[in-house]
Number of protein chains: 2
Amino acid sequence: MPKHKQAIDATTHQKIKTAARMVFHQKGYAATRTRHIAEAAGINLALLNYYFKSKEQLFNLIMLETFTELVATIKEIVTNPNTSLHQKVSNLVATYIDQLLQEPQIPLFIVSEIRNNPQILVNTLQVPNIIFQSAFARQYAQSVQNGSIAPLPIMHFLMNLLGFTVFPFIAQPMLQTIGSLTPEQFTQMMQERKQLIPKWVAALLAP
Amino acid sequence: MPKHKQAIDATTHQKIKTAARMVFHQKGYAATRTRHIAEAAGINLALLNYYFKSKEQLFNLIMLETFTELVATIKEIVTNPNTSLHQKVSNLVATYIDQLLQEPQIPLFIVSEIRNNPQILVNTLQVPNIIFQSAFARQYAQSVQNGSIAPLPIMHFLMNLLGFTVFPFIAQPMLQTIGSLTPEQFTQMMQERKQLIPKWVAALLAP
DNA sequence: AAACGTTTTAATCATTTGATTAAAATTGCA
DNA sequence: TGCAATTTTAATCAAATGATTAAAACGTTT
């Protein structure tokens with residue numbers, strides 16, 4: 001089994017990653033079959049192990065990449081010192097909704113798979129640091145301090161913001177079925193929420 | 001292989017169901033091993049198939065029972081003609097939070113597994129009927145009509161109410177890790193939300 | 001206690017599934 | 001071109017897993 005200096009074929013490598021991302025996001029780790037990934041990528045099953053060693057390593061890579069993209073988005077918005085608290089909320093909501101409308105299965109993938117390794121949030125991705133050391137957190141504390149928003153613990157605020165924004169994606173199949181919504185109608189509602197959520201957040205935080 | 005008139009042993013039958021419920025809720029269908037259920041129930045693996053025929057049938061039973069309990073709770077509150085709209089919200093929130101604090105894995109179980117068969121919501125459980133033909137839906141429409149609440153489409157309202165109430169359970173491992181919360185602190189927050197959510201809902205619906 | 005139905009067990013099966021291997025095909029380049 | 005490294009394939013392996021079977025244990029009735 002050879003493998004030496006030359007960089008591995010980017011297109012085959014990439015085809016596998018793209019297929020793996022799709023299948024893992026859709027079915028989760030346990031329900032995913034490596035044969036299914038290979039088929040979706042149009043490659044021989046052995047190639048998957050040739051390039052990525054094992055199902056688990058491929059999964060870890062997809063998991064990390066998926067998470068990293070999301071965290072980069074948060075970080076950029078939340079650390080910006082030139083926007084107000086409410087502007088940050090609007091930016092977060094709009095950016096996330098746009099991003100998740102592209103890959104709506106991501107939120108359920110994340111909450112399902114994070115259970116098996118929540119420490120990645122702290123150890124690798126530094127999420128608590130990014131959130132609680134940010135301009136956003138400072139502005140939030142300050143606004144509570146000077147009474148311009150209600151003294152709501154920031155974890156309640158975080159639950160609400162995520163509940164408004166990402167919960168609909170998590171529950172999409174359920175909500176579409178209950179509400180007899182077409183995928184287009186669901187998308188339309190999420191577009192509306194880009195405007196609505198900032199207003200709701202303002203209402204919740206009114207002192 | 002015998003099986004005749006006499007009712008099957010309730011305690012063994014029940015032990016398996018209890019173990020299956022626990023394991024399925026925790027790991028989902030794909031990651032669950034029938035051997036693990038048998039071990040958790042303290043029975044021989046073959047007994048599982050003796051009583052329940054197959055993993056899939058046992059799963060369908062647990063799924064149906066889990067769902068039925070939740071829907072019964074909604075139905076009771078939402079069809080009550082003697083409570084106001086806002087009382088119904090308070091009742092729903094308090095009842096659900098109490099119920100889910102007992103089995104916090106249920107919401108993630110539901111949203112994960114419903115994807116494979118969302119039609120059960122319509123065909124078996126009649127969830128759309130229960131919600132949209134209820135006193136609650138009538139009161140909501142009426143209140144929009146006479147301007148006592150904002151004209152928010154009821155599906156947005158439903159997303160928000162579920163986002164407030166069940167999303168924290170879905171994201172519990174993530175939220176606990178990010179916020180360095182002990183399970184007790186998480187429970188405490190959910191108790192606080194029984195008071196907070198109705199206020200937030202009122203704020204959102206203010207005309 | 002004998003007979004019968006029911007429940008439980010140990011052993012085993014067949015299939016699925018992640019992974020490996022050895023050989024073939026392809027590519028880069030001296 | 002020819003050679004060496006790399007990439008790809010078909011075939012196969014070993015373990016895991018859902019399910020079955022045949023026999024043993026148990027309980028109830030007569």
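This is a predicted model, so every value here is computed, not measured. Basis for what follows: all heavy atoms, side chains included, without hydrogens, waters or symmetry-related copies. Just so it is clear: chains get the letters A, B, ... in the order the sequence lines come, proteins before strands, and each one is counted from 1.
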What is the distance, to the nearest angstrom, from the [atom1] atom on [X] to the [atom2] atom on [N]?
X	N	atom1	atom2	value
B:F24	D:dG18	CZ	C1'	11 Å
A:R35	D:dT9	CZ	P	15 Å
B:L58	D:dA19	CG	P	10 Å
A:H36	C:dT17	NE2	C1'	14 Å
A:Q57	C:dG18	CD	C1'	14 Å
A:Y50	D:dT8	OH	P	8 Å
A:F52	C:dT20	CZ	P	15 Å
B:I37	D:dA19	CD1	C1'	14 Å

Report the nucleotide, chosen from [options], that has the shortest atom-to-atom distance to any side-chain atom of [X].
X	options	value
A:Y51	D:dT21, D:dT8, D:dA19	D:dT8
B:N44	C:dT8, C:dT9, C:dA19	C:dT9
A:T12	D:dT8, C:dA19, D:dA19	D:dT8
A:R33	C:dT9, C:dT17, C:dT20	C:dT17

Carboxylate-amine/guanidinium contact B:E103 B:R21, below 4.0 Å = yes
Should the pair A:K27-B:E113 be classified as a salt bridge under the 4.0 Å nitrogen-to-oxygen rule?
-> no
Please state whether the phosphate of C:dG18, meaning OP1 or OP2, lies under 4.0 angstrom from any side-chain nitrogen or oxygen of A:S54.
-> no
Within less than 4.0 Å of OP1 or OP2 of C:dT17, is there a side-chain N or O belonging to A:T34?
-> no
Would you find more than 12 non-hydrogen atoms of other residues, nucleotides or ligands less than 6.0 Å from A:Q195 atom CD?
-> no
Any chance CD of B:Q119 has more than 12 other-residue heavy atoms, nucleotides or ligands included, within less than 6.0 Å?
-> yes
DNA chain D: 5'-proximal contact among B:E56 and A:L47 (nearest heavy atom) = A:L47
Is the Lys NZ or Arg CZ of A:K55 less than 6.0 Å from the centre of A:Y29's six-membered ring, within 45° of the axis?
-> yes
For A:L48, answer base if it contacts any base atom (sugar-phosphate contacts may also be present), sugar-phosphate if it contacts only those atoms, and nothing otherwise; contact means non-hydrogen atoms under 4.0 Å.
-> nothing
